[in-house]
Amino acid sequence: MSRNQVSARAHRWSANLWFAVAAAGQAVFIYFIVAFYGTRTASGRWAAWNDKPLITGYVKGDHAGNAVFAAHVLLAAVVTLAGLAQLVPAFRRAAPALHRWTGRTFLTLACFLALSGAWMAAARGTYLSLISAIAILGDAALILVFAVLAWRTALARRFEQHRRWAMRTFMVVSGVWFLRVGLMGWIVLNGRPLGMTDHMTGPADVVLAFGSYLIPLAILELHFAARSREKPALEWAASGVILVSTLYVAAGAFGAFRMMWGPYL
Ligand code: HEM
């Protein structure tokens with residue numbers, strides 16, 4: 001095997017491992033949404049959303065706000081599942097027609113979540129600090145732009161570009177999950193909330209609020225560059241960065257379940 005083949009294989013394996021860990025972590029997120037919000041919403045116990053700490057969950061008399069919150073959290077489970085399904089090559093090859101339908105569902109719901117989330121932050125006033133609100137609104141804006149580009153390139157049958165925009169959309173839609181994983185991973189690794197405040201204004205909070213989507217996007221661009229240029233040094237660099245981020249994601253996904261979700265199930 002040539003040096004090129006070894007580095008290409010290491011790169012492929014590290015990317016697959018990253019995806020497997022992220023998919024397992026997102027499956028736990030979906031499970032939490034269904035087990036916590038799904039059961040309470042379906043049985044009409046909407047006030048029980050507040051059994052876990054929230055900024056603004058159920059508010060008595062706020063029918064519109066409660067309805068948007070319900071739609072937002074329940075569809076969050078669907079968009080997360082659809083996003084994962086889109087990225088599995090075997091699924092794309094085996095069922096291309098289904099891939100197109102889950103793709104349309106994913107992109108439409110991604111836009112709905114960005115708009116409903118932005119509405120909750122801006123109109124309902126659901127945010128911890130101005131800087132964290134700006135960060136999440138930045139994520140919402142990128143979701144809308146990337147989803148449109150992914151859709152347009154698919155319609156134009158420019159499939160290589162479509163693949164890239166679809167993966168960028170996956171990263172920014174996963175931004176809200178990465179945020180939880182990023183915050184909890186930081187606490188797990190440091191053993192305490194170093195550089196964090198209750199209002200998300202500490203230096204670590206600010207870096208993670210913006211980094212929750214900008215860091216995954218940067219790593220994705222490195223992955224694209226390594227794939228297209230086929231330079232061993234770049235492929236080793238990409239493999240190393242992806243492996244380190246896999247370890248962080250694993251620690252954060254574990255922390256999110258232990259600290260954010262598990263105690264309320
Ligand atoms: C696109 C993917 C998104 C997913 C999968 C998602 C998921 C969720 C989930 C599961 C919750 C329930 C809160 C919890 O238990 O932690 C939630 C709440 C919320 N989301 Fe999203 N969300 C997404 C996008 C957004 C965006 C782009 C924004 C803002 C622009 C946003 C703003 C909010 C707000 C303000 C809440 C209420 C939080 C609270 O009251 O504590 N979401 N979201």
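Along the sequence shown, residues carry numbers from 1. Both ligands and their constituent atoms are indexed starting at 1 by order of listing. All values derive from a computational prediction rather than experimental measurement.
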- prompt: If we ignore angles and hydrogens, is there a donor and acceptor under 3.5 Å between the side chains of T41 and W49?
  reply: yes
field: Partners meeting side chain to side chain contact (heavy atoms under 4.5 Å, CB included) with F257 (sequence neighbours left out)
entry: V28, W261, L265
message: Run the side chain to side chain contact (heavy atoms under 4.5 Å, CB included) test on W119 and V68 for me, step by step, so that the C-alpha distance in whole Å, both residues' side-chain angles and the decisive distance to 0.1 Å come before the verdict.
response: CA-CA 9 Å; W119 182 83; V68 171; 3.8 Å; yes
field: Distance-only side-chain donor-acceptor flag, Q161 / T153, under 3.5 Å
entry: no
Please tabulate, one line per pair, the protein nitrogen or oxygen atoms found under 3.5 angstrom from a nitrogen or oxygen of ligand 1, with distances to 0.1 Å, or say none if there are no such pairs.
residue	atom	partner	partner atom	Å
ligand 1	15 (O)	Y37	OH	2.6
ligand 1	15 (O)	K52	NZ	3.0
ligand 1	16 (O)	R180	NE	3.4
ligand 1	16 (O)	R180	NH2	2.9
ligand 1	20 (N)	H72	NE2	2.9
ligand 1	22 (N)	H72	NE2	2.9
ligand 1	40 (O)	I55	N	3.2
ligand 1	40 (O)	T56	N	2.9
ligand 1	40 (O)	T56	O	3.2
ligand 1	41 (O)	I55	N	2.7
ligand 1	42 (N)	H72	NE2	3.0
ligand 1	43 (N)	H72	NE2	2.9

- prompt: Under the side chain to side chain contact (heavy atoms under 4.5 Å, CB included) criterion, do V188 and R258 qualify, and how do the steps go?
  reply: CA-CA 10 Å; V188 167; R258 279 294 299 271; over 6 Å; no
field: Contact summary for L107 and T169, nearest pair of heavy atoms
entry: CD2-CG2, 4.0 Å
